[in-house]
Amino acid sequence: LFSVPARYEKALAAVLAERAQYVVVRAGDDGIAAVSTLRDGALGRGSFIPLAPRATPQPDADGSPLTRLIDIADTDERFRGVAQALLGDV
């Protein structure tokens, strides 16, 4: 889902933590259906994120010299909303 320069790989892994295991689904309803299937069949648990998740608040640009991870992570345009939801605040 993401590609970052090697020097940022550990930072990306740390930021994503358990979110690295999320399954990307087309829409929120697909995630809800998948959770229901898992629950009804006692098949375990899963975490899902839609391709177009709800917008997350973004930090204000304050002229900080720090680089946001989202600004250096490459991702396929199809997954841009997912990338923004997962990395937009770091």
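- Closest non-hydrogen pair, Ala27 versus Pro50, comes out as C-CB, 3.8 Å.
- Under the 4.5 Å side-chain heavy-atom criterion for ILVMFWY residues, a single connected hydrophobic cluster contains both Val23 and Val35.
- Transitive grouping of hydrophobic side chains (ILVMFWY, heavy atoms separated by less than 4.5 Å) keeps Phe2 and Val25 in distinct clusters.
- Taking every heavy atom of both residues into account, Phe79 and Thr75 meet most closely at CB-OG1, 3.6 Å.
- Pairs of residues two or more places apart, or lying in two chains, that qualify as salt bridge (Lys or Arg N to Asp or Glu O under 4.0 Å) and include a residue from residues 73-86 are Asp76-Arg78.
- Rounding to the nearest 0.5 Å gives a distance of 12.0 Å between CD1 of Ile32 and OG1 of Thr37.
- Here the closest heavy-atom approach between residue Gly44 and residue Leu38 is recorded as O-CB, 3.5 Å.
- Linking Ile, Leu, Val, Met, Phe, Trp and Tyr whenever their side-chain heavy atoms come within less than 4.5 Å leaves Leu86 and Phe48 in two separate clusters.
- Ile70 and Leu87 make their closest contact through CB-O, 3.9 Å (heavy atoms, listed as atom of the first residue, atom of the second, distance).
- In terms of heavy atoms, Ala85 sits closest to Ile49 at CB-CD1, 4.1 Å.
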